[in-house]
Amino acid sequence: MNPRVKILATLGPSSGDFETVRRMIREGASGFRINYAHGDARAWDLYVKTVRDASAELGVTVSIIGDLPGPQVRSGDFEEFSVSRGDQVRLEQAPVGSSPRSIPVAVRELFTTLEPGDVVLYGDGEISLRVLSVEEHSSTLLVLNDGVVKPRKKIVVQGKEISLPMLSGRDVELLNHAVSNQLTYVALSYVRTPRDVELVKNLLKTRSFQPRVIAKIETRSAYLNLKEIAGSADAVLVARGDLGLHFPLEEIPLIQKKIAAVADSLGKPCIVATQVMESMIENPRPSRSDVVDVYNSVYDMVDALMLTNETAVGKYPVETVRWARRIIETAESSLDPATVQRSRRVGGGLREKYAHGLLSLAESLNAKILVYTKGNTVPPLISKHRPLVPVYVGTSSKAVAEALTIYYGLTPVNLEGVGGDMDYEKGVEELYRVVREKRLVDIGDVVVKAYVKSGTGVHEIIIEEVR
């Protein structure tokens with residue numbers, strides 16, 4: 001039984017081999033991220049194959065998320081160099097460096113945005129620079145702190161957003177790669193308005209397969225348009241690294257809580273990412289601050305935590321997943337059930353009231369819930385109310401099963417081999433057979449089976465003790 005808060009791991013040089021992926025799944029990873037900002041199609045294809053082979057061997061459903069770079073500004077290729085406070089460097093409009101102590105940037109719009117006095121944050125903010133002068137294709141900047149300037153890093157102008165199209169030609173190519181490999185989700189970087197999400201969704205409607213869409217909340221505009229963006233997307237992601245470049249760092253914990261609360265109110269999964277277990281990039285044990293951070297995220301009742309550099313390039317990817325699971329499970333065991341139940345806000349729809357009633361009944365019996373779904377309508381409503389008992393969701397749709405892997409408290413069971421035309425009553429009985437076979441329920445357990453009675457539209461609930 002996995003923890004209720006899901007663990008998502010980023011693939012990379014440290015974790016892309018079959019054995020490491022298999023071990024991360026066994027330790028509790030329920031999904032994997034491919035960062036399209038790094039690598040090439042050959043590497044990404046291998047990642048997809050590795051995840052699917054490992055999950056098939058273990059008989060576990062996992063998701064794959066393709067993370068699109070989006071309208072960001074990154075430096076080009078050059079030899080890294082050290083800087084000290086008071087030094088001057090130049091930004092030049094070029095794909096590669098042409099002179100020492102210059103930073104090439106191919107994005108023309110950066111130079112039309114910069115003004116003298118602007119503060120530029122380089123990478124994840126480890127180097128700050130102030131703009132001294134701006135020319136048509138270059139800019140001179142003053143270094144505000146010591147550091148090392150490395151190639152292919154993000155560039156953010158503090159307090160400003162650079163006007164770029166949501167999808168470049170490159171992003172469309174990457175979106176096509178996600179479609180052709182039938183990835184579960186695509187994550188959209190630097191979303192600013194709900195129109196950005198709708199643009200991608202409309203483009204996906206013309207494709208043979210439609211991954212679901214995660215909107216990454218990482219800009220000031222995205223935060224200001226949070227409710228509308230969350231309403232348009234299938235899930236949201238709290239990208240704390242970039243949020244920390246656009247907002248004062250001391251505000252990030254409150255922003256995380258606000259994003260999680262809005263997503264929950266809309267029944268949309270919320271993922272927290274960036275520096276979740278950062279200390280484990282180099283160390284086999286997490287720092288105390290990382291432990292507290294994960295613990296607090298569980299108390300925010302987010303749906304999932306995403307590991308990034310920790311598993312992509314860190315020395316201990318498997319151990320990181322293991323520690324994340326240990327911390328999550330400990331935090332979940334200390335959650336006050338009464339507090340969770342009081343936090344539930346039931347919407348006005350009959351279907352949501354049904355899901356809430358089903359959950360309340362199961363929790364009063366300390367029972368496990370078995371639900372069969374085709375269109376994935378009721379399970380997200382159960383997840384929205386943060387279940388305190390195990391919830392197993394059977395479906396004959398591989399896409400639906402994978403989509404559920406990022407939802408709080410749900411364990412999807414892929415019944416793909418039994419046919420999609422099965423009615424709900426037979427579906428929940430097949431689910432019951434499979435979970436008994438997998439020893440997910442055992443003799444003496446109480447199960448609550450929920451389904452729509454075929455041809456009637458009537459929802460039935462059966463309470464049964466396993467014998």
Side-chain angles (χ1 to χ4, degrees), residues 4-6 8 30-31 63 65 184-188 191 194 197-198 201 210-217 222-223 225-238 256-273 297-306 335 339-363 369 371-395 397 399-412 450 452 459:
R4 297 195 291 273
V5 173
K6 304 304 179 67
L8 310 173
S30 67
S63 54
I65 300 166
T184 320
Y185 289 96
V186 290
L188 308 184
V191 170
V197 178
E198 294 303 326
K201 285 199 162 190
Q210 290 83 44
R212 289 162 171 81
V213 174
I214 299 170
K216 296 169 68 175
I217 309 300
Y223 184 63
N225 294 306
L226 173 60
K227 189 169 184 179
E228 294 78 11
I229 289 172
S232 296
D234 297 295
V236 297
L237 184 147
V238 187
Q256 175 176 314
K257 290 178 183 294
K258 173 70 178 298
I259 296 171
V262 169
D264 180 57
S265 71
L266 297 173
K268 302 294 179 76
C270 178
I271 304 165
V272 168
S297 293
V298 173
Y299 267 66
D300 288 343
M301 287 186 278
V302 301
D303 290 81
L305 297 177
M306 178 179 283
L335 275 172
T339 300
V340 176
Q341 290 162 350
R342 283 195 300 270
S343 72
R344 295 169 180 167
R345 299 290 181 268
V346 184
L350 179 60
R351 187 171 280 140
E352 183 171 349
K353 291 177 179 177
Y354 164 74
H356 179 262
L358 169 65
L359 180 57
S360 298
L361 172 64
E363 288 175 347
I369 297 174
V371 179
Y372 179 77
T373 187
K374 294 181 182 179
N376 194 24
T377 51
V378 170
L381 295 175
I382 297 174
S383 174
K384 175 184 177 181
H385 295 296
R386 300 308 189 238
L388 298 169
V389 294
V391 182
Y392 298 103
V393 184
T395 178
S397 166
V400 169
E402 290 183 2
L404 291 169
T405 59
I406 70 170
Y407 281 81
Y408 186 102
L410 304 185
T411 300
V452 178
H459 290 265

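It should be emphasised that the depicted structure is a prediction, and the values quoted were computed from it without experimental measurement.
- The two residues T395 and T373 have their closest heavy-atom pair at OG1-O, 3.1 Å.
- Separation of atoms CD1 (I369) and CG (L358) is listed at 4.5 Å; rounding is to 0.5 Å.
- The closest donor-acceptor contact from the side chain of K268 to the backbone of V236 lies at 3.5 Å or more, if one exists at all.
- L381 and T377 get closest at one heavy-atom pair: CG-O, 3.6 Å.
- Not a single donor-acceptor pair under 3.5 Å links the side chain of T405 to the backbone N or O of A401.
- Rounded to the nearest 0.5 angstrom, L8 CG and I214 CD1 are separated by 7.5 Å.
- Using cut-offs of 30° and 60° for the angle between ring planes, the Y354 and H459 rings count as tilted.
- Between D234 and K201 there is a salt bridge, with a side-chain nitrogen of the basic residue lying less than 4.0 Å from a carboxylate oxygen of the acidic one.
- Between V5 and S297 the shortest side-chain heavy-atom distance does not fall below 4.5 Å.
- The shortest distance between side-chain heavy atoms of I217 and K258 does not fall below 4.5 Å.
- At least one donor-acceptor pair under 3.5 Å links the side chain of S383 to the backbone N or O of Y408.
- Between the CG atom of D303 and the CE atom of M301 there is a distance of 11.0 Å, given to the nearest 0.5 Å.
- Residue I271 holds its CD1 atom at 10.5 Å from NZ of K216, rounded to the nearest 0.5 Å.
- Nearest heavy atoms, N376 versus P380: OD1-CD, 3.3 Å.
- For the atom pair I259 CD1 and I229 CD1, the distance stands at 9.5 Å (nearest 0.5 Å).
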Before giving the answer on side-chain contact (heavy atoms from CB on, under 4.5 Å), spell out for D300 and K257 the whole-Å C-alpha distance, their side-chain angles and the decisive distance to 0.1 Å.
CA-CA 6 Å; D300 288 343; K257 290 178 183 294; 2.6 Å; yes
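- Between P194 and S232, the shortest heavy-atom distance links the atoms CB-OG, 3.5 Å.
- Here the NZ-CD distance, from K384 to E352, works out to 3.5 Å after rounding to the nearest 0.5 Å.
- Taking each heavy atom of R386 and R344 in turn, the nearest pair found is O-NH2, 3.2 Å.
- With sequence neighbours excluded, the residues satisfying side-chain contact (heavy atoms from CB on, under 4.5 Å) with A403 are T184, Y185, R212.
- Closest of all the heavy-atom pairs between C270 and A260 is SG-CA, 3.7 Å.
- The shortest side-chain heavy-atom distance between S265 and K227 does not fall under the 4.5 Å cut-off.
- Atom CZ of R351 is surrounded by 12 or fewer heavy atoms from other residues, nucleotides or ligands within 6.0 Å.
- The main-chain N or O of L388 is found under 3.5 Å from a side-chain atom of E363 such that the two form a donor-acceptor pair.
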